[in-house]
Structures are given as C-alpha cells and as structure tokens.
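First the structure, in the form of structure tokens, and then the observations on it.
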There are 2 protein chains.
Amino acid sequence: MLKLTKRTEYGLIALVHLADQATLAPAGEPVPVVSARAIGDLFPVPRRLLAEALKQLQQDGIVNSTRGAHGGYRLSRAATEISLGEVISSLEGEPSLTSCAGLGAAGSNHSCEVEPVCPIRSPLARLRTGIWTLFEGITLQSLTDRAIDPNALFAGVAEENDGFSATG
Amino acid sequence: MLKLTKRTEYGLIALVHLADQATLAPAGEPVPVVSARAIGDLFPVPRRLLAEALKQLQQDGIVNSTRGAHGGYRLSRAATEISLGEVISSLEGEPSLTSCAGLGAAGSNHSCEVEPVCPIRSPLARLRTGIWTLFEGITLQSLTDRAIDPNALFAGVAEENDGFSATG
DNA sequence: CCAATTGGCACTAATCTAGAGCTAATCGAA
DNA sequence: TTCGATTAGCTCTAGATTAGTGCCAATTGG
Ligand code: SF4
Ligand code: SF4
C-alpha cells in the first residue's frame with residue numbers, strides 16, 4: 001500500500017494551515033498560535049486524531065506547543081525549512097518500501113528469510129533512497145503554493161529519472 | 001504505510017528471475033518457461049503467494065503462462081519494456097498516496113469529507129503523479145542490474161528535484 | 001490413466017489503521 | 001482561588017488490509 005496514513009494527512013493539513021497563518025503574521029510577533037480546536041473547526045477532520053498528529057509533530061520538533069488557555073501550536077521553523085520527508089518520518093515512521101529497510105547491522109529481529117539471496121533488495125533500497133531524497137527536497141512552503149501550475153513541483157524528475165535504460 | 005506488499009515483492013523477485021533466465025536464453029527459443037515451483041525452490045518464499053502473484057501478472061499481460069506439465073511462466077516482453085510502475089499497478093493496484101486519488105468525476109462513493117476544502121489535495125496529487133512517473137521510468141531490466149554502482153539509478157533525481165524552493 | 005502445473009475461490013490469522021474515551025498537567029482569566 | 005480551555009498521555013474497540021493456507025477444477029505431457 002503506497003498510501004499515506006490519515007494521521008499524516010491530518011498532520012499535513014494542520015501544518016499547511018499553520019504555515020498559512022505564519023505567512024499572514026507581521027514581523028513583530030513570533031508566529032500566531034493555533035489550537036487543534038480551531039483547525040478542527042476549519043476542516044472536517046476528527047479533532048482527536050488531529051491533536052494526536054500535532055502532538056507527534058511537537059515531539060519531533062516540527063511544531064512548538066503552548067499549553068493552557070489560549071494555547072495551541074505554531075511552526076518551530078520557517079515553512080521553507082520543514083521538509084515533507086521530515087513530516088512523513090514523524091507521523092508514520094521512516095518509509096521502508098520493503099520489510100528489510102532499516103535493518104542493517106543493528107536490529108535483525110525479524111529479518112526477511114529471503115534477504116541473503118534476495119535479488120530485489122539492493123535495487124529497491126536504491127529506489128527507497130531516491131524517494132526519500134525526493135521527499136526531503138520538498139518543503140512545506142511548496143505545499144502551501146497550491147494554486148501554482150502543476151508542473152513546477154516535478155519539473156526535473158520526470159525527464160531525468162530514465163537516464164540508464166528505459167524504453168528509449 | 002509507504003511500503004510495498006509482500007505480494008509485490010514476491011512478484012518482483014519472480015520477474016527478476018524470469019528476466020535473468022530470458023537473458024541467458026539463446027536467440028532460437030522464445031524464452032525458457034519457469035514454473036512457480038522452480039522459483040519457490042530458489043527463493044524461500046511461500047510458493048502459494050508466489051503463484052498468486054504470477055497469476056495476477058499473467059492477467060495483466062506482464063507474463064505469459066503455459067499450463068499443464070512442464071508449464072510455467074515467461075516474460076511477455078523484453079525486460080526493457082516492462083516498467084516497475086506497471087508491475088506495482090498490477091500487483092497492488094494503482095498507488096494512491098491519498099484516499100482521494102483516482103476519484104475524479106466517476107466514482108465518488110466514499111470520497112473524503114475534507115475534499116472540498118482540503119489544502120493538501122492538489123500538491124499531493126502532483127506528488128503522486130511524480131512518483132508514478134518515476135516508477136514508470138524504471139524498467140525491469142534496470143532492477144536486474146543489481147551489481148552495478150548504487151548511484152546509477154537515481155543519478156538525476158536527487159539533484160534535480162529541488163529546483164523550486166528547498167533550502168538553498 | 002497419471003503426474004505436474006496453472007487457475008479460481010474461500011477461508012483464517014495477524015497486523016495495521018481509524019477513531020473514541022478518559023484523565024492528568026498547564027495556563028489564563030474571572 | 002476557582003474555573004474553563006488546552007495540550008499530553010494512555011488504553012481500548014472496531015474496521016480494513018495483508019499474509020498465508022486449503023481445496024478443487026482445468027490443462028498438458030508422458
Ligand atoms: S530481503 Fe527481499 S523479499 Fe525480503 S523484505 Fe527485503 S526486498 Fe523484500
Ligand atoms: S481530500 Fe485531502 S484529506 Fe481527504 S483524502 Fe484527499 S488529500 Fe486526504
């Protein structure tokens with residue numbers, strides 16, 4: 001299943017909203033604080049899961065939280081300094097692509113039996129690294145630019161990835 | 001969960017093996033036929049799931065099957081003409097990345113409630129298209145070259161994907 | 001006929017996700 | 001101080017998906 005979890009989507013929605021709010025803020029205040037309730041009022045998402053996603057993002061240093069009345073969340077950095085890879089890694093763990101992803105020398109608890117003779121492990125690990133690098137190059141800021149032309153995000157990728165064999 | 005299913009992995013293992021066998025074949029015969037049992041003897045994978053994956057690949061025209069004794073499978077095309085995207089699409093359906101992936105105008109059976117106001121739908125759809133294009137540019141042949149240097153597969157992607165905002 | 005193989009269907013168990021419930025700790029304001 | 005709003009932490013249930021097995025029909029070569 002090459003699909004993001006709902007937790008990740010909710011977290012991304014919240015982050016995009018926070019980024020929007022931060023953009024609107026003047027230079028005086030650090031950034032406005034938005035509560036999970038406020039975000040839940042704007043978007044029809046389960047408030048609880050939204051809060052849970054934000055909590056996770058706080059633990060990983062992507063957002064800062066303020067407790068108590070008038071509390072809420074704000075981005076810990078500028079939207080241009082937060083990568084999509086970081087967010088995904090926080091909300092649903094490192095993307096593995098295979099079951100034998102991160103197990104190098106340390107945790108070989110339940111490694112795949114095929115591993116010693118697996119013919120696809122190495123290529124898929126390469127692919128995983130490539131996707132990961134791709135995600136880390138996408139900033140939260142670029143996600144907020146949702147009205148721009150659809151070709152901007154992947155200008156170079158589509159043409160550059162087949163420089164080895166492909167159909168041509 | 002950004003992870004491939006076991007079915008996809010088993011299918012890819014089988015395909016890589018078939019591609020290897022096809023490469024070793026002389027020009028006379030079309031391509032050697034390999035049974036699911038033979039592949040299951042080579043790699044410690046559940047023979048049944050392997051067969052199921054191959055069956056699916058047959059239905060989508062990626063492999064040809066021969067029934068009866070001495071039956072088995074062979075690639076329906078050259079390994080350079082089979083894309084990873086095609087294989088993944090066959091074995092675990094179109095990768096969606098979000099729940100609102102393929103539903104355009106037709107099937108709005110259980111569309112996400114957030115959709116009308118979702119701030120991440122458009123950017124994530126772009127990202128999905130990009131990943132999809134990336135997968136379609138990777139051929140089965142390139143997966144069989146598992147001994148080459150790890151930098152070849154993603155030579156251009158890592159450097160080209162941040163030409164819009166990023167950190168620089 | 002017989003053995004080997006693909007093809008098709010159904011079923012169970014494990015794993016993961018989505019969501020809700022509850023309580024404590026923190027902070028601002030009345 | 002008292003109260004309400006909010007984040008933080010934990011457990012629990014139901015649903016969806018995956019992983020794997022079982023069984024039998026159809027096909028093909030010996
Ligand atoms: S070793 Fe091969 S079969 Fe096992 S998890 Fe890794 S890629 Fe998949
Ligand atoms: S509309 Fe937004 S929240 Fe709903 S599935 Fe699509 S991306 Fe996710």
Side-chain angles (χ1 to χ4, degrees), chain A residues 1-11 13-14 18 32-41 44-74 76 88 91-93 95-99 109-110 112-114, chain B residues 1-11 13-14 18 32-41 44-74 76 88 91-96 98-99 109-110 112-114:
Chain A
M1 280 277 281
L2 255 40
K3 197 175 69 172
L4 299 175
T5 63
K6 282 293 181 186
R7 168 187 292 216
T8 303
E9 293 192 17
Y10 296 157
I13 289 175
L18 288 179
V33 183
V34 185
S35 68
R37 166 181 292 267
I39 303 179
D41 285 342
V45 300
R47 196 172 299 168
R48 207 49 169 289
L49 293 187
L50 190 66
E52 204 164 325
L54 283 164
K55 180 173 57 176
Q56 187 68 43
L57 290 171
Q58 192 275 334
Q59 288 178 349
D60 288 309
I62 297 176
V63 300
N64 287 345
S65 67
T66 309
R67 297 174 71 165
H70 301 287
Y73 299 91
R74 58 186 170 84
S76 67
I88 291 179
L91 289 171
E92 58 182 333
S96 43
L97 199 62
T98 63
S99 309
N109 37 10
H110 63 294
C112 178
E113 290 186 20
V114 196
Chain B
M1 280 276 282
L2 254 41
K3 195 175 70 172
L4 300 174
T5 63
K6 282 292 182 187
R7 167 187 293 217
T8 302
E9 294 191 17
Y10 297 157
I13 290 176
L18 289 179
V33 183
V34 185
S35 69
R37 166 182 292 267
I39 302 179
D41 285 342
V45 300
R47 195 173 299 168
R48 208 49 167 287
L49 292 188
L50 191 66
E52 206 164 323
L54 283 164
K55 180 174 57 176
Q56 186 68 44
L57 290 171
Q58 193 275 334
Q59 288 178 349
D60 288 309
I62 297 176
V63 300
N64 286 346
S65 66
T66 308
R67 297 175 71 166
H70 303 286
Y73 299 91
R74 59 186 169 84
S76 67
I88 291 180
L91 289 171
E92 59 184 15
E94 287 241 341
S96 43
T98 63
S99 308
N109 38 10
H110 62 296
C112 180
E113 290 186 20
V114 196

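Keep in mind that the numbers below use all heavy atoms, side chains included, and drop hydrogens, waters and symmetry copies. Every chain is numbered from 1, with letters handed out A, B, ... down the list of sequences.
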Rounded to the nearest 0.5 Å, how far does [atom2] of [Y] lie from [atom1] of [X]?
| X | Y | atom1 | atom2 | result |
| --- | --- | --- | --- | --- |
| A/L2 | B/K3 | CG | NZ | 11.5 Å |
| B/R74 | B/L18 | CZ | CG | 10.5 Å |
| A/R47 | A/S35 | CZ | OG | 8.5 Å |
| B/T98 | A/E9 | OG1 | CD | 5.5 Å |

Could you list the donor-acceptor pairs under 3.5 angstrom formed by side chains in residues 50-69 of chain A, with sequence neighbours left out?
from  : atom 1 : to    : atom 2 : distance (Å)
A/E52 : OE2    : A/R7  : NH2    : 3.0
A/Q56 : NE2    : A/D60 : OD2    : 3.2
A/D60 : OD2    : A/S90 : OG     : 2.6

- Note on the structure: What one should report as the nearest heavy-atom pair of A/Y73 and A/V33 is N-CG1, 3.4 Å
- Note on the structure: Smallest heavy-atom separation, B/A14 atom then B/I39 atom, equals CB-CD1, 3.9 Å
- Item | Short side-chain to backbone donor-acceptor contact, A/E92 and B/M1, under 3.5 Å | yes
- Where the side chain of A/S96 meets the backbone of A/S99, is there a donor-acceptor pair that is under 3.5 Å apart? no
I'd like a list of close polar pairs between nucleotides 16-18 of chain C and the protein, N/O only, cut-off under 3.5 Å.
from   : atom 1 : to   : atom 2 : distance (Å)
C/dA18 : OP1    : A/K6 : N      : 2.7
C/dA18 : OP2    : A/K6 : N      : 3.2

- Task: Find which nucleotide of DNA chain C each of B/S65 and A/R47 is nearest to by heavy atoms, and output the residue with the more 5' nucleotide.
- Result: B/S65
- Message: With a cut-off of less than 4.0 Å, is there a side-chain N or O of B/Q56 near OP1 or OP2 of C/dG7?
- Response: no
- Query: Looking only at side-chain N and O atoms, does A/Q58 come under 4.0 Å of OP1 or OP2 in D/dT7?
  - Reply: no
Mind calculating the distance between [atom1] ([X]) and [atom2] ([N]) to the nearest angstrom?
| X | N | atom1 | atom2 | value |
| --- | --- | --- | --- | --- |
| A/Y73 | C/dT26 | OH | P | 15 Å |
| B/L54 | C/dG7 | CG | C1' | 12 Å |
| A/K55 | C/dA20 | NZ | C1' | 13 Å |
| A/I39 | D/dT6 | CD1 | P | 12 Å |
| B/L50 | D/dT21 | CG | C1' | 15 Å |
| A/L57 | D/dA8 | CG | C1' | 14 Å |

- Check every strand shown and say whether A/A51 touches a base, only sugar-phosphate, or nothing at a heavy-atom separation below 4.0 Å. nothing
- Task: Give one of base, sugar-phosphate or nothing for A/E9, where a contact means two heavy atoms less than 4.0 Å apart.
- Result: nothing
- Its contact letters, B for base, S for sugar-phosphate only and - for none at protein heavy atoms under 4.0 Å, make nucleotides 25-30 of chain D read -BBBS-
